[in-house]
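Just so you know, ligand 1 is whichever comes first in the structure, and atom 1 is the first atom listed for that ligand.
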Amino acid sequence: MKKKVAVIFTGGTISMTLNSETKAATPTLTSTDIMSLVHHIKDFTDLELIDFSAIPGPHMTPEKMMALSKVVEKKAKESHIDGIVITHGTDNLEETAFLLDLTVTTFKPVVVTGSMRNASELGYDGPSNLASAILTALHEDSRGRGVLVVLNDEINAAREVTKTHTMSLDTFKSLAFGPLGIVDSNHVMYYRKTTFKQIKLTTQEMVSDVALIKVASGMDSRLIDFLVHESVAGMVIEGMGRGNVPPGLMPGIQHAIEHNIPVVLVSRNPLGRLMPSYGYAGGGLSLKKAGVIMASNLNGQKARIALMLALGQTKNLDELTALFQQFSSVS
Ligand code: ASP
């Protein structure tokens, strides 16, 4: 008997065609339309197709991601399903993939894919990405690796990968570590395992009201003060370098923490970890002393997803700090 893969379609460019009048892409293709373009896939597997939504990536919300997570969890529990593939817009694919990684508990492969070119374009990469994602979901070595992202024949871990290019097919990169493996002539090959601890932040009550702010030279506290005034549930700040901010931001950060609003710090640099190495006003040490939570090497958008889920578990600053410390753990 052939193994069975559930393919859940959420939308994105992989489901889009060009409108003849506007010449702009919108989602028009159903799961059946898209799968009919993945020739010979039935020689490898039986598929179950699920139309979850038909939205572009930027219309995906944390609430919809949570609803998707529940569908994935339910499918993973079905004994006749061997693996799960999800199609998604590439713009924020890494956010949904990371949320699934943190919330779905299964050893079965869960693979997220999409495409950079729509179905009206020459060289539409949807079918090849779907084929590689399905082959990855079928492979024994994909089990227990957490959520995977497969595009352009590269297999990456949701924890590590980010979209790096606005139009290249070779856009999804684990910048610090390289891919986990590749799909080569229909063969799935792994080169390495991710050594990051597999973290689960399962909660029924994700708190999505979390802001993300990018730091730039000379910034003051007005944006943060506004967020405190609005009683935002939490904020992630993309600081500079090792984790520093201009001194003008310190009063706002202290103000937020005094109001029990957790402030999570990441770096606006794409590579490297945070460290409280600098002792000047706004330096990492002053941020740490103020109670800012350092989020290791997560990028801003992923740290925001983690904070939304963590806030569903606890609002206590010490407990949140301990939860975020786990992201630094490697085995
Ligand atoms: N803007 C598109 C989306 O995220 C890009 C893509 O799918 O590649 O839906």
Side-chain angles (χ1 to χ4, degrees), residues 7-38 49-69 71-72 84-101 110-134 136-137 147-158 160-175 179 183 208 212 270 299-302 304-305 308:
V7 189
I8 305 174
F9 294 79
T10 73
T13 299
I14 194 167
S15 66
M16 295 192 198
T17 51
L18 284 187
N19 180 289
S20 53
E21 272 170 36
T22 64
K23 306 279 182 256
T26 49
T28 50
L29 303 178
T30 64
S31 56
T32 319
D33 296 333
I34 301 168
M35 282 317 304
S36 69
L37 301 169
V38 189
L49 308 186
I50 300 165
D51 284 292
F52 175 83
S53 60
I55 55 172
H59 292 201
M60 180 60 80
T61 60
E63 288 75 17
K64 287 180 184 146
M65 292 176 196
M66 277 303 272
L68 177 65
S69 166
V71 174
V72 174
I84 295 155
V85 168
I86 297 126
T87 67
H88 198 288
T90 59
D91 285 352
N92 51 354
L93 186 152
E94 70 197 68
E95 287 169 62
T96 297
F98 190 49
L99 182 134
L100 296 175
D101 193 50
V110 177
V111 184
V112 190
T113 190
S115 76
M116 292 300 289
R117 294 188 187 154
N118 68 66
S120 305
E121 283 180 285
L122 286 174
Y124 172 46
D125 52 329
S128 62
N129 286 341
L130 253 175
S132 293
I134 291 169
T136 304
V147 172
L148 302 168
V149 171
V150 173
L151 280 98
N152 204 39
D153 289 331
E154 287 191 350
I155 308 168
N156 287 283
E160 298 172 354
V161 77
T162 194
K163 183 177 179 180
T164 63
H165 199 288
T166 57
M167 68 73 173
S168 167
L169 273 53
D170 191 23
T171 180
F172 280 91
K173 294 284 162 204
S174 299
L175 291 169
V183 185
S208 59
L212 173 59
N299 65 22
Q301 55 271 32
K302 287 188 192 172
R304 178 172 173 264
I305 294 287
M308 287 176 185

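- Each of K163, H165, E121 was compared with M116 under the side-chain contact (heavy atoms from CB on, under 4.5 Å) criterion, and only K163 meets it.
- Using a 4.5 Å heavy-atom threshold, the side chains of T171 and L169 count as separate.
- Checking D51 against S31 by side-chain atom types alone, a donor-acceptor pair falls below 3.5 Å.
- Between E154 and K173 there is a salt bridge, with a side-chain nitrogen of the basic residue lying less than 4.0 Å from a carboxylate oxygen of the acidic one.
- Around ligand 1 you find G12, T13, M16, P56, G57, P58, G89, T90, D91, S115, each with a heavy-atom distance below 4.0 Å.
- Of the options V161, T90, V111, a side-chain contact (heavy atoms from CB on, under 4.5 Å) to V149 is made by V161 and by none of the others.
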Please tabulate, one pair per line, all N/O donor-acceptor pairs under 3.5 Å involving side-chain atoms of residues 11-18, not counting sequence neighbours.
residue, atom, partner, partner atom, Å
S15, OG, G12, O, 2.7
T17, OG1, T28, OG1, 2.5

